[in-house]
Amino acid sequence: MNLFRLLQARASAGKPVRVALIGAGKFGSMFLAQVPHTPGLEVPIIVDIDRDRAREACRTVGWSAERIAATVFTDDGARAIAGGAMDVVVEATGNPAVGIKHARAAIAAGKHIVMVNVEADVLAGPLLAEEARKAGVVYSLAYGDQPALTAEMVDWARATGFRVVAAGKGTKYLPTYHDVTPDGVWQHYGLTAGEAQSAGMNPQMFNSFLDGTKSAIEMAAIANACGLDVPTEGLLFPPCGVDDLPHIMRPGDKGGVLERSGVVEVVSSLERDGRPVFRDLRWGVYVVLEAPNDYAADCFKQYGLKTDASGRFAAMYKPYHLIGLELNISVLSAALRGEPTGQAFGFRGDVASVAKRNLRAGEMLDGEGGYTVWGKLVPAAASLKAGALPIGLAHRLKLKHDVAHGEIVRWSDVEFDANNETIKTRKTMEAAFAK
């Protein structure tokens with residue numbers, strides 16, 4: 001609650017919080033839109049593989065010509081991190097391998113790292129967070145994105161003495177979406193391919209939101225940051241509106257759909273027949289909590305909180321998330337408080353690659369949101385036991401064996417370079433955090 005006051009003090013002292021942004025896509029652009037309106041916050045360097053696109057992003061979000069001229073635009077992330085008096089590095093590329101590389105470079109340079117790149121966090125976040133803690137810098141999930149917002153609600157519930165029954169987010173989901181490819185994605189968003197292209201929308205990225213992969217990645221990040229469990233058979237995606245959260249998102253022995261208490265889960269904004277859910281939570285996040293005693297349960301009723309029939313289960317939710325428009329909270333929390341807005345402390349959830357169709361030996365995997373695989377949330381221990389290939393590494397790997405539609409792709413099914421730095425980092429993380 002004191003970030004703005006702390007930032008004003010820095011601004012008055014002539015010591016602004018300085019940020020290096022890596023990746024000027026949609027998330028990065030939304031963050032940049034807020035910078036001119038946040039005295040005491042500066043972004044003197046922007047890293048992007050397309051420097052002209054990054055400059056255009058700044059113009060699009062309203063940066064003045066003078067501010068753009070005073071900014072360094074480069075495609076060399078390592079050099080940008082190593083040089084300059086930066087307080088915080090924001091990694092917003094979305095590429096897991098690149099994200100891990102940048103995070104380690106920031107940690108080595110003594111700079112805080114805000115990981116918008118949740119794909120990298122799920123692949124190796126527990127290890128990166130531990131390395132940052134040992135180095136005395138902050139490794140943080142990105143506020144504005146749903147994992148950090150959910151982690152905040154979980155922390156609020158626990159700090160006020162409630163037991164967390166379930167936590168997660170909403171999304172648009174039907175079971176058939178798991179097999180959707182980039183060729184068919186736009187009809188589910190109510191767009192034509194031409195409209196999407198003119199808006200600069202990437203079909204593979206948006207397909208990862210639809211086919212369940214992004215939801216799995218975000219729930220793994222929440223589980224690893226909050227110490228919550230992962231559903232044994234993967235996400236259920238139950239249709240559920242905000243008024244029904246306390247009824248549906250409770251354990252099965254209490255009348256709900258959860259296998260137990262203390263899990264992550266995603267609720268769908270669509271009924272299974274495609275009808276919209278009443279008062280859906282498509283854009284938001286939630287936490288279901290349990291009253292620890294009869295007195296607290298009575299207070300739920302007295303203060304108008306919607307509960308289940310027993311009066312013991314209730315929910316809090318945030319109906320929207322504003323992604324990059326809210327990123328300042330993570331940046332300032334790291335720089336001014338030395339605190340993350342969520343970070344992995346364990347390896348509880350993983351995201352396994354699952355075949356979208358019958359795959360044949362010799363085919364090349366094309367990663368999340370593509371034509372070959374989608375990401376399924378699984379308990380980390382089960383993933384390791386099965387030898388599942390993480391979705392974050394299912395890029396440009398050739399299959400050695402056929403994999404049937406709906407089956408998990410395993411390490412043994414693909415050709416890979418054991419000396420690849422990203423793979424080595426992942427294996428190191430598994431060895432350090434596997435239970």
Side-chain angles (χ1 to χ4, degrees), residues 3-4 7-8 10-11 16-77 80-81 84 86-95 98-99 102 106 111-119 140-149 189 191 195-206 209 214 283 318 320-336 341:
L3 286 177
F4 183 63
L7 183 61
Q8 285 182 307
R10 283 284 292 260
V17 174
R18 292 164 62 85
V19 179
L21 172 65
I22 306 179
K26 181 61 173 178
F27 202 116
S29 293
M30 293 177 79
F31 165 62
L32 293 173
Q34 301 303 99
V35 172
H37 310 287
T38 314
L41 178 66
E42 295 183 357
V43 182
I45 187 164
I46 299 174
V47 182
D48 197 278
I49 56 175
D50 186 338
R51 287 173 287 181
D52 290 337
R53 184 189 73 166
R55 288 190 183 90
E56 183 58 32
C58 291
R59 283 190 284 269
T60 298
V61 303
W63 276 31
S64 66
E66 293 77 15
R67 184 180 292 270
I68 293 173
T71 302
V72 174
F73 294 86
T74 178
D75 58 6
D76 191 338
I81 292 169
M86 299 297 156
D87 298 287
V88 182
V89 174
V90 172
E91 215 297 336
T93 66
N95 183 305
V98 172
H102 287 152
K111 296 176 174 63
H112 305 306
I113 175 75
V114 174
M115 188 63 85
V116 176
N117 191 335
V118 70
E119 293 82 2
S140 179
L141 294 175
Y143 200 90
D145 221 350
Q146 287 157 311
L149 296 179
Y189 286 95
L191 299 169
E195 288 170 338
Q197 183 177 12
S198 65
M201 300 166 71
N202 182 315
Q204 184 158 343
M205 180 184 73
F206 276 82
F209 303 155
K214 195 71 169 182
W283 308 107
K318 191 172 186 176
Y320 303 103
H321 70 295
L322 297 178
I323 61 170
L325 297 180
E326 300 182 81
L327 185 60
N328 283 3
I329 302 300
S330 288
V331 170
L332 300 180
S333 182
L336 303 178
T341 51

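Checking side-chain atoms of W63 against main-chain N and O of V35 turns up no donor-acceptor pair under 3.5 Å. When atom types are taken as modelled, the side chain of T93 and the backbone of I22 share no donor-acceptor pair closer than 3.5 angstrom. With hydrogens and angles disregarded, no donor-acceptor distance shorter than 3.5 Å links the side chain of N328 to the backbone of F31.
Considering only residues two or more places apart in sequence or on other chains, F73 meets the ring pair (Phe, Tyr, Trp, His ring centres under 6.0 Å) condition with none of them. When the side-chain contact (heavy atoms from CB on, under 4.5 Å) test is applied to I329, the partners found at least two apart in sequence or on another chain are L3, Y143, T341. Remark: D48 pairs with A24, D50, R53, A54 by the side-chain contact (heavy atoms from CB on, under 4.5 Å) rule, at least two apart or across chains. For R59, the salt bridge (charged side-chain N to carboxylate O under 4.0 Å, His left out) partners are E56, not counting sequence neighbours. Legend: residues meeting side chain to side chain donor-acceptor pair (under 3.5 Å) with D145, ordered by chain and number and at least two apart, are absent. Residues satisfying the side chain to side chain donor-acceptor pair (under 3.5 Å) criterion with T71, sequence neighbours excluded, are absent altogether. Listed by chain and residue number, E119 satisfy the side chain to side chain donor-acceptor pair (under 3.5 Å) test with K214 (two or more places apart in sequence, or in another chain). Residues forming a side chain to side chain donor-acceptor pair (under 3.5 Å) with D87 (at least two apart in sequence, or on another chain): none. Among residues two or more places apart in sequence or in another chain, the side-chain contact (heavy atoms from CB on, under 4.5 Å) test is passed with Q204 by P182, N202. Scored by the salt bridge (charged side-chain N to carboxylate O under 4.0 Å, His left out) test, K318 finds E326 as partners (sequence neighbours excluded). Remark: E195 pairs with no residue by the salt bridge (charged side-chain N to carboxylate O under 4.0 Å, His left out) rule, at least two apart or across chains. Listed by chain and number, the residues in a side-chain contact (heavy atoms from CB on, under 4.5 Å) with Q8 are F4 (sequence neighbours excluded).
Within a 6.0 Å radius of CD1 in I49, other residues, nucleotides and ligands contribute 12 heavy atoms or fewer.
Note that the NE2 atom of H102 and the NZ atom of K111 stand 13.0 Å from one another [nearest 0.5 Å]. In this structure, the separation between CZ on R18 and CE on M86 is 4.5 Å, given to the nearest 0.5 Å. Between the OG atom of S333 and the NE2 atom of H112 there is a distance of 9.5 Å, given to the nearest 0.5 Å.
No side-chain heavy atom of Q197 sits under 4.5 Å from any side-chain heavy atom of P203. L32 places a side-chain heavy atom less than 4.5 Å from the side chain of I46. Looking at L327 and M30, their side chains never come closer than 4.5 Å, going by heavy atoms from C-beta outward.
Considering every non-hydrogen atom in both A80 and V47, the closest pair reads CB-CG2, 3.6 Å. In this structure, A33 and P36 approach most closely via the heavy-atom pair O-CD, 3.6 Å. In terms of heavy-atom proximity, G40 sits nearest to L7 at O-CD1, 3.4 Å. The minimum heavy-atom distance between G28 and L21, with the atom names listed, is O-CD2, 3.9 Å. Closest of all the heavy-atom pairs between F206 and Y189 is O-OH, 2.8 Å. Listed here is the closest heavy atom pair of A148 and A142: CB-O, 3.3 Å.
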Do V90 and V43 pass the side-chain contact (heavy atoms from CB on, under 4.5 Å) test, and can you show the C-alpha distance, the side-chain angles, and the key distance before you say yes or no? CA-CA 10 Å; V90 172; V43 182; over 6 Å; no

- Task: Please test E91 against V98 for side-chain contact (heavy atoms from CB on, under 4.5 Å), starting from the C-alpha separation and ending with a verdict.
- Result: CA-CA 9 Å; E91 215 297 336; V98 172; 3.9 Å; yes

